Amino acid sequence: MTALHDTNGAAVVIGGGLAGLMTALALAPRPVLLLSSAPLGLETSSILAQGGIAASIGPDDNASLHLADTLAAGDGLCDQRVAATILAGAPAAIERLMQLGVVFDRDTDGNLALGLEAAHSRRRIVHAGGDASGHDIIRTLVRKVYETPSITVCEATSAQRLIVEDNTVRGVVCQTERDLVAYATGHIVIATGGIGGLFLHGTNPAGSCGQGLALAARAGATMADLEFIQFHPTALDTGSFPLKLISEAVRGEGATLIDENGDRFMADTPGAELAPRDVVARAVWRHMAAEHRVFLDARNLRGIDFTRRFPAITSFCRNAGIDPLTQPIPVRPAAHYHMGGISVDKHGRTSVEGLWACGEAACTGLHGANRLASNSLLEAVVCAGLVAQDIAATAPAKRRPPRMTDAGAGCDPTLIRPILSHAAGVLRDGDKLRAAARALFPLAASQQAAGDPAIVALMIVISALRREETRGAHARTDCPERAIRATRTTLRLCDAFDAAQDCVPDLVS
């Protein structure tokens, strides 16, 4: 029997990455129950982040320039008003992190050191610990969370189902190490991260399988832009899972892409290696499809000490038997970031009353069809604050025991990875997407441990099938042109099931 606990008005935040930690801290001194399936901060994409945080704080920069770069990368699908609000909050976000104890890298004059990444027109990437930004930021925030008396941390606790009545959140059912528990609350924030664990090659932790999206979808929430998945073009091409990331900052410092013959195959592409990520990922993917190997050549970078600038990358390259100072680094595209997610408004509210989302699990409209590098950590920090402000201004929910719901069967993406990777990778086409829908439909409708990952994968496939164009990170080889009018995609789980049934008419009675 599931034990029911009343949170006594506390908000429940699901997720121990940057978005979850910052939401919990921003809600203080309001009581918060912070749920994390792993030890706090670990097994999150945030802790793996190398690039840093984009902020227009340089003397030659401003929020308008940052916005222009973001809109260009987003390929017509950014929500300009939302993007302007989030990007304008960048300097304050950096200041807030420093107040919490984060130590950012500085130049010889003591000013914040600003790096350059692809598709940015200015140096505006703030780092901590060189290429260990995520690790340093998360380590500091985890310590701060533990020191905050208003935050109760529940580790080894996986949210399985939301309890929803009349489209209003009433609680959440969780699996702990020992048993099932339910927490009654009228305020829940989903900050569970991305979906890279649904692919054969990804840079996210293996457990990043879209659990937050499945929670929200089963609760009836609307999703947005699910087809837009960013594949990082330069993941270290080894047999590990997840793949280690070779930060875009390496290309920002002058590294080039070559093949086994030493040919720089992107030299004639506008922007070359610093073109938007989708352009670089497709170029690498096509070159590999032509039976070439691809390498990142960082052997002759000028003006930097590679080992000191990129200590983490140097370490894991050498652990893989590669010396980046004397050898080119083998790379391949890998699922890296989900621009789509749970549809939210400017306050982080979903279509379900009492349910908010922020970080990678949410779709704010900032990223559009293709995320600009280092805007993701920025979005997590700024939007966590916006969510906390909105919750603090919300009247307490009526407290009465919610009705219990089933807990599901856990989360196992093993069956999903080959299906989604084949159909919804860097290049897609309608036939592969329809075949994937047919394969995913029975899994999504089942009570198996593959059910939740299959639900997320099915919604991605249906969204990709409906977008009959090539835009941003969504590339259809059977629809190579860009539509004249840019429109966003929204989807609910019931709509995805209806659309999937059209792909499997033999299953419809």
Side-chain angles (χ1 to χ4, degrees), residues 2 5 7 10-27 30-47 138 141-142 145 150-164 168-177 180-195 197 204-205 207-221 223 338 341-342 344 348-350 352-363 380 383-384 387-388 390-391 397 402 405 407-408 410-411 452-453 455-456:
T2 304
H5 300 275
T7 63
V12 172
V13 177
I14 306 170
L18 181 59
L21 296 171
M22 287 300 294
T23 302
L25 289 167
L27 280 166
R30 181 182 178 126
V32 172
L33 192 62
L34 180 58
L35 310 182
S36 177
S37 59
L40 197 60
L42 301 182
E43 295 300 312
T44 68
S45 296
S46 305
I47 202 168
I138 294 299
L141 296 182
V142 166
V145 163
S150 60
I151 303 174
T152 301
V153 177
C154 296
E155 296 174 327
T157 302
S158 300
Q160 302 281 356
R161 292 287 186 272
L162 300 181
I163 304 172
V164 177
T168 301
V169 160
R170 301 300 315 286
V172 57
V173 179
C174 304
Q175 178 68 58
T176 69
E177 288 181 311
L180 288 171
V181 299
Y183 296 105
T185 179
H187 302 91
I188 294 178
V189 181
I190 293 177
T192 50
I195 61 164
N204 304 152
S208 294
C209 301
Q211 299 95 318
L213 275 63
L215 281 172
R218 287 188 182 276
M223 306 288 134
H338 197 192
I342 307 163
V344 298
R349 298 175 188 169
T350 74
V352 177
E353 189 69 26
L355 181 65
W356 289 259
C358 60
E360 191 173 352
C363 183
C383 291
V387 165
D390 198 53
I391 292 175
T405 187
C411 177
D452 281 0
I455 277 174
V456 178

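Everything numeric here is computed off the predicted structure, so don't read it as measured data.
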**OP:** Test His338 against Leu213 for side-chain contact (heavy atoms from CB on, under 4.5 Å), laying out the working first.
**Re:** CA-CA 11 Å; His338 197 192; Leu213 275 63; 3.9 Å; yes
Subject >> Val153/Ser36 under side-chain contact (heavy atoms from CB on, under 4.5 Å): CA gap, chis, key distance, verdict >> reply: CA-CA 8 Å; Val153 177; Ser36 177; 5.6 Å; no
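Glu155 meets the side chain to side chain donor-acceptor pair (under 3.5 Å) test with Tyr146; sequence neighbours excluded. Listed by chain and number, the residues in a side chain to side chain contact (heavy atoms under 4.5 Å, CB included) with Cys209 are Leu198, Gln211, Cys411, Pro413 (sequence neighbours excluded). Shown here are the side chain to side chain donor-acceptor pair (under 3.5 Å) partners of Asp452, two or more places apart in sequence or in another chain: Arg161, Arg218. With sequence neighbours left out, the side chain to side chain contact (heavy atoms under 4.5 Å, CB included) criterion links Thr176 to Thr157, Arg178, Asp179, Val181. By the side chain to side chain donor-acceptor pair (under 3.5 Å) test, Ser37 pairs with no residue at all, sequence neighbours left out.
Looking at heavy atoms from C-beta onward, Val352 lies in side-chain contact with Val169 at the 4.5 angstrom threshold. Ile188 has its side chain out of reach of Tyr183: every pair of non-hydrogen atoms, C-beta onward, lies at least 4.5 Å apart. The side-chain heavy atoms of Asp390 and Arg349, taken from C-beta on, include a pair separated by under 4.5 Å. Side-chain contact between Val12 and Ile14 is present, with heavy atoms from C-beta onward closer than 4.5 Å. At least one side-chain heavy atom of Ile195 sits less than 4.5 Å from a side-chain heavy atom of Val456. Taking 4.5 Å as the limit, every side-chain heavy atom of Cys154 sits out of range of all side-chain heavy atoms of Leu34.
The two residues Ala159 and Val172 come nearest to each other via the heavy atoms CB-CG2, 3.8 Å. The two residues Ala384 and Cys358 come nearest to each other via the heavy atoms CA-SG, 4.2 Å. The two residues Thr185 and Ala10 make their nearest non-hydrogen contact at OG1-O, 2.9 Å. Closest approach of Ala217 to Ile455, counting heavy atoms only: CB-CG2, 4.4 Å.
Between the Thr350 side chain and the Leu355 main chain, a donor and an acceptor come within less than 3.5 Å of each other.
If you take CD1 on Ile342 and CG on Leu215, they are separated by 8.0 Å, rounding to the nearest 0.5 Å. Distance CG/Leu42 to CG/Leu40: 8.0 Å, rounded to 0.5 Å. Taking CD1 of Ile391 as the start and NE2 of His187 as the end, the distance is 6.5 Å to the nearest 0.5 Å. Going from atom CG of Asn204 over to atom OG of Ser46 covers 10.0 Å, rounded to the nearest 0.5 Å. Rounded to the nearest 0.5 angstrom, Trp356 CH2 and Ile190 CD1 are separated by 12.0 Å. Between the OG atom of Ser208 and the CD atom of Glu360 there is a distance of 7.5 Å, given to the nearest 0.5 Å.
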Could you pull out every donor-acceptor pair under 3.5 Å between side chains of residues 17-26 and any protein atom, sequence neighbours left out?
| from | atom 1 | to | atom 2 | distance (Å) |
| --- | --- | --- | --- | --- |
| Thr23 | OG1 | Ala19 | O | 2.7 |

